[in-house]
Chemist: 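There's a structure below that I have some questions on.
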Protein chains: 2
Amino acid sequence: MSKGTTGNGNADLGLRLDRSSRTPLYRQIEGGVREAVAAGRLIAGARLPPERTLAAALGVDRTTVVAAYRELAADGLVHAHVGRGTTVAAGMERFPVQGRSDLRAGGAGRPLDWPQLFAPMVEDDPALADIAALAGREEVISFVAGVPAAETYPTRTFRSLLAEALGPGGEGLLQYCPPEGYGPLREAIAARMARLGMPVPPNRVFICGGSQQGLYLLARAFIEPGDTVAVEAPTYVGALQVFRAAGARLVSMPADREGLDPDRLGEMLERRPIKLIYVLPTFQNPTGATLSLERRQRLLAIARRHAVPVIEDDPYGELRYEGEPVPSLLSLADGPTSPVVYLSTFSKVLFPGFRLGWVVAAPPLIERLAWVKALVDLESNPLAQWAVAEYLDRGQLDGHLAGLVPVYTARRDALERALRHEAGEMLSWRAPAGGFYLWVHLLGGLRAREVLAEASRLGVAFVPGDLFHVDGGGRDALRLAFSGLPPDQIEEGVRRLAAALTAVAERRAVAPGRAPVRPTRIV
Amino acid sequence: MSKGTTGNGNADLGLRLDRSSRTPLYRQIEGGVREAVAAGRLIAGARLPPERTLAAALGVDRTTVVAAYRELAADGLVHAHVGRGTTVAAGMERFPVQGRSDLRAGGAGRPLDWPQLFAPMVEDDPALADIAALAGREEVISFVAGVPAAETYPTRTFRSLLAEALGPGGEGLLQYCPPEGYGPLREAIAARMARLGMPVPPNRVFICGGSQQGLYLLARAFIEPGDTVAVEAPTYVGALQVFRAAGARLVSMPADREGLDPDRLGEMLERRPIKLIYVLPTFQNPTGATLSLERRQRLLAIARRHAVPVIEDDPYGELRYEGEPVPSLLSLADGPTSPVVYLSTFSKVLFPGFRLGWVVAAPPLIERLAWVKALVDLESNPLAQWAVAEYLDRGQLDGHLAGLVPVYTARRDALERALRHEAGEMLSWRAPAGGFYLWVHLLGGLRAREVLAEASRLGVAFVPGDLFHVDGGGRDALRLAFSGLPPDQIEEGVRRLAAALTAVAERRAVAPGRAPVRPTRIV
């Protein structure tokens, strides 16, 4: 084989893709190249086929090959040279190959088949990884993640706070701290919640590593394999992942246009035992909707009657752009018989990097969470906890929140305006009064995954609605996160989205009723 | 009942302790007071019995009552007034009571019985909580925790690094980051490990929230309930907790005076399947011992032969006070057939508060760990990761480590000197060449838990040896962590320990063979 070519014109590298596999296509391509290197079919310096060539040979989108080559480059297995293509790096034979063990280099003893050793787990829909890869591409405008606007971060204030913290005596904040959290932060959160109408003593506030960790610890505390968790339809993907990984059976709660229908939930609870109810009552993820006061009260009455804990996930409650606040479930049901476990985070109102959230719960649950947290990571960073406590104690969060409102209002409005202008006749939605998300229904029978396939080619990304459902619903819906994009990017993103919608609608018109080519595995 | 007394001379508050319960005595006292408040037997302003009085009435040590009152005060249920005793706070009836639901205040619906809702879990030995409470008391000299010396923390350097990080453009470090870790930190760790004889590419380095989280994620990745994990006897308590919580069966590996005996481990592996081997080969916790090169090689050969992964936990490897380094298992077994999963942390060489450790593993395992980490807390703090990466890249860790050696050498030497001087005839030990711990055997048939009961009265704390064993071994041993105490504190602590040893030995001499009064539930 002459160096610098892929050998005998083998434009597909001998790769065979399995479209029925749960492994994303780009991972299959990546794995195939690894095996070819390990088997000596591709030697150091060999040039991989150009992305377009390989894509055409394999019948996949070019972006799939781009994603595969990027993974290989990140691992140091190949080098990408501008204008010269991609070549195999030197000396990579000594690193283990994923997958087929017969291709591994020799050595003393049996090679370990690592995946064979892993505990079984519920696999994610591979579309999640594909969408994340798509969203990470530089040329793509991503409505995928609910990331707060980095322009708003109080970076300078926290720079001063950290410098102050690490002044004389500051080594105490680099030490171990209790798993329940740093005392002054628990107190500062309790004080803030009291001002928001949720009076709780500090010992009922538990600090966790963001609300993702809060959910994980709660799942670990409550769920045994086979327990049922009732969720909204649609609901937060990360919660579905955590509950599934804990072995829970997920059921959607009955809902209508106003959201969760408590009376029908009550009927459901008469028929089957439910271990936990998980809700996002305010500026819901993904719909942006807010449950009415009256429904909140009925939900609580039903949860109390059946003694089922209600996890109230409230990351966005303070991000209201218009209208009057609706009381949280926690504030409606404090006291000894409250079934509410409240969860929130600083990730959306400040920034995500400090990994700080909190749970408000009854003392026995706080104690259990602390036990689990001590297993999981001992504690959250006390320096970061001190800085946020000081920020709260100095009363700086209110001013910061006030500054966020015009930023996010402008983004939401830009998104709605652009959607109306570019694609109003193909979509329907309700404007959210707060939070980070717009939930869009596709008209005319379009499917969100089909639109995503086209959108990815046109450089725009979103999350198709079925990923937020546990029962296959939401195929005609998609979520647009507007928080992380400035208005001009939003407008350009919507132009691309509209072009994708048009293209799919036109294909449909040409071949009515024809199933999309690859509706479930798309980048 | 007249306000300001406990009523009709009821010096024990009507409390009944259950000495066979796994709930620590101080928790039982705390719960009893809570119930009395909820039931109206103790009203706001009522004075609790003085600590000594209640201790005498219940037949417990005064420190047990102190711990219970401290918990109640921390919860705001009681107020402690210097010189006026402890009184019940006002308005506490509205908070839920732990435990007996028939005592809870009324309200709409059934009160939730939270503990009843929890998923079952393996309970810790309650002695662990009791020892932690004892170690936390101000007047106690604690040899309990392997805490690095706060005087050594490079606080000023990290103050500058964080200020630099949060300069212009710094908001990127407050953002989300990949679950595998911040790229530059993975690279900096890979570069450092290469210099230490362990060349690994950055994509085989995974960042976790301290080595505790590393262990947790590894347990979650590998262990199904019923799987067997082989551990050293004795070994790190936190690892035992994680493996037990994952449902593992723990078996002790055969050992002799030189530590783990690989040939006998090989025989064991012929007889039964083992999912994971967990070892701390260098400056072991708790023994301080280091496995010889020859045994390391035999251990690896056996693990390879049986294709069993070996977790090499190495928090202390760079904290050597004398002698030549022994190669890590990772460096002895790199390559495609390596069974080694390497784990280390910055908590011991820098400081614990940043919660940063790392795992070196084969790519499929890195991918699995990232998946679990995304569930558990999404990511570790990127700002902290940046700061440590810069610290490494600027070559500052070597100088810092050089500065640690004399500090810890002096502490270890002070401990040995004091032990020889104060209690040499009652103890035996081997000096560790590095790390944080001295493992001491009690001579003359003394039991460590019996000594701890006496020691707690005299104001010194340590961890009894049986807590590091899975099979009841180690009752005649105890662990002394010398890292966190300056030499004068070490000397005073050993004087108290020696007094405790003498007192127990004298009691034994008076009543030979008599069982200790409360050997297993002591503060």
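Here is the naming used below: chain letters follow the sequence lines, and residue numbers restart at 1 for every chain.
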Chemist: Less than 4.5 Å to any heavy atom of chain B: does that hold for the side chain of A:Tyr176, its backbone, both, or neither?
Modeler: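 Contact with chain B: backbone and side chain both.
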Chemist: Please give me the minimum heavy-atom distance between A:Trp371 and B:Val122, naming the atom from each residue.
Modeler: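 Looking at all heavy atoms of both residues, the shortest contact is CZ2-O, 3.4 Å.
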Chemist: Does CD in B:Gln116 sit with more than 12 non-hydrogen atoms of other residues, nucleotides or ligands closer than 6.0 Å?
Modeler: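 Check fails, neighbour count at 12 or below.
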Chemist: What part of B:Leu378 is in contact with chain A, defined as an atom under 4.5 angstrom from a non-hydrogen atom: side chain, backbone, both or neither?
Modeler: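 Both the backbone and the side chain of B:Leu378 come within 4.5 Å of chain A.
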Chemist: Compare all side-chain heavy atoms of B:Glu171 with those of A:Glu151 and state whether any distance is below 4.5 angstrom.
Modeler: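 No, side chains not in contact.
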Chemist: Would you mind reporting whether B:Arg159 and A:Leu162 have side-chain heavy atoms less than 4.5 Å apart?
Modeler: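 A side-chain contact is absent here, since even the closest heavy-atom pair is not under 4.5 Å.
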Chemist: To the nearest 0.5 Å, tell me how far A:Leu166 CG sits from B:Phe158 CZ.
Modeler: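 That separation rounds to 10.0 Å.
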Chemist: Rounded to the nearest 0.5 Å, how far does CG of A:Asp377 lie from CG of B:Asp377?
Modeler: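 One gets 6.0 Å once the value is rounded to the nearest 0.5 Å.
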Chemist: Do you know which of B:Lys275, B:Met121, B:Gln385, B:Gln241 has the most heavy-atom pairs with chain A at a distance under 4.5 angstrom?
Modeler: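 It is B:Met121.
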Chemist: Can you tell me which portion of A:Arg220 sits under 4.5 Å from chain B's heavy atoms? Options are side chain, backbone, both or neither.
Modeler: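 Both the backbone and the side chain of A:Arg220 come within 4.5 Å of chain B.
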Chemist: If I measure from the heavy atoms of chain B, does A:Pro168 come under 4.5 Å with its side chain, its backbone, both, or neither?
Modeler: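 It is neither, since no heavy atom gets under 4.5 Å.
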Chemist: Chain A heavy atoms under 4.5 Å from B:Ala374: which part of the residue, side chain, backbone, both or neither?
Modeler: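 Answer is backbone: N, CA, C or O of B:Ala374 sit under 4.5 Å from chain A.
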Chemist: On the 0 to 90° scale, with breaks at 30° and 60°, tag the B:Tyr216-A:Tyr216 ring pair as parallel, tilted or perpendicular.
Modeler: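 Answer is perpendicular, since the angle exceeds 60°.
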Chemist: Minimum heavy-atom separation for B:Gly353 and A:Pro382, please, with both atom names.
Modeler: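 Looking at all heavy atoms of both residues, the shortest contact is O-CD, 3.3 Å.
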Chemist: When you measure from the side chain of A:Arg156 to the backbone N and O of B:Gly167, does any donor-acceptor pair fall under 3.5 Å?
Modeler: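 Not a single qualifying donor-acceptor pair exists.
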Chemist: Would you indicate whether the side-chain heavy atoms of B:Leu365 and A:Phe118 approach each other to under 4.5 Å?
Modeler: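 Yes, at least one pair of side-chain atoms sits under 4.5 Å.
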Chemist: Using non-hydrogen atoms only, which part of A:Glu379 is less than 4.5 Å away from chain B: side chain, backbone, both, or neither?
Modeler: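 Contact with chain B is through both the backbone and side chain of A:Glu379.
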Chemist: So which part of A:Val372 gets closer than 4.5 Å to some heavy atom of chain B, the side chain, the backbone, both or neither?
Modeler: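 Contact with chain B involves no heavy atom of A:Val372 at all.
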Chemist: Donor-acceptor pair, A:Arg355 side chain versus B:Ser380 backbone, under 3.5 Å?
Modeler: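 Side chain of A:Arg355 to backbone of B:Ser380: no pair is present.
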Chemist: Side chain from CB out, backbone as N, CA, C, O: work out which of these in B:Pro202 comes under 4.5 Å of a heavy atom of chain A, or both, or neither.
Modeler: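 Contact with chain A: none, neither part.
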Chemist: So which heavy atom on A:Trp114 is nearest to which on B:Ser338, and how close?
Modeler: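 That would be CZ2-O, 3.7 Å.
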Chemist: Apply side chain to side chain contact (heavy atoms under 4.5 Å, CB included) to residues B:Arg27 and A:Glu367 and explain how you reach the verdict.
Modeler: CA-CA 12 Å; B:Arg27 284 283 188 203; A:Glu367 201 174 311; 4.2 Å; yes
Chemist: If you take all heavy atoms of A:Pro309 and B:Leu117, which pair is closest and at what distance?
Modeler: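 Closest approach of A:Pro309 to B:Leu117: CG-CD1, 3.6 Å.
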Chemist: Considering only heavy atoms and a distance below 4.5 Å, find which of A:Ala245, A:Ala246, A:Ala384 pairs most often with chain B.
Modeler: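 The candidate making the most pairs under 4.5 Å is A:Ala245.
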Chemist: Using modelled atom types and a 3.5 Å cut-off, is there a donor and acceptor pairing between side-chain atoms of A:Gln212 and backbone atoms of B:Leu375?
Modeler: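 Checking the backbone N and O of B:Leu375 against the side chain of A:Gln212, a donor-acceptor pair under 3.5 Å is found.
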Chemist: Output yes when a side-chain donor or acceptor of A:Gln175 lies under 3.5 Å from a complementary backbone atom of B:Phe351, and no otherwise.
Modeler: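 Here the side-chain-to-backbone pair does not exist.
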Chemist: Please determine, among A:Gly210, A:Gly209, A:Ala150, A:Ala221, the option with the most heavy-atom pairs under 4.5 Å with chain B.
Modeler: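 Ranked by contacts with chain B, first place is A:Ala221.
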Chemist: Which pair of heavy atoms, one from B:Gly170 and one from A:Thr155, lies closest together, and at what distance?
Modeler: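 That closest heavy-atom pairing would be C-CG2, 4.2 Å.
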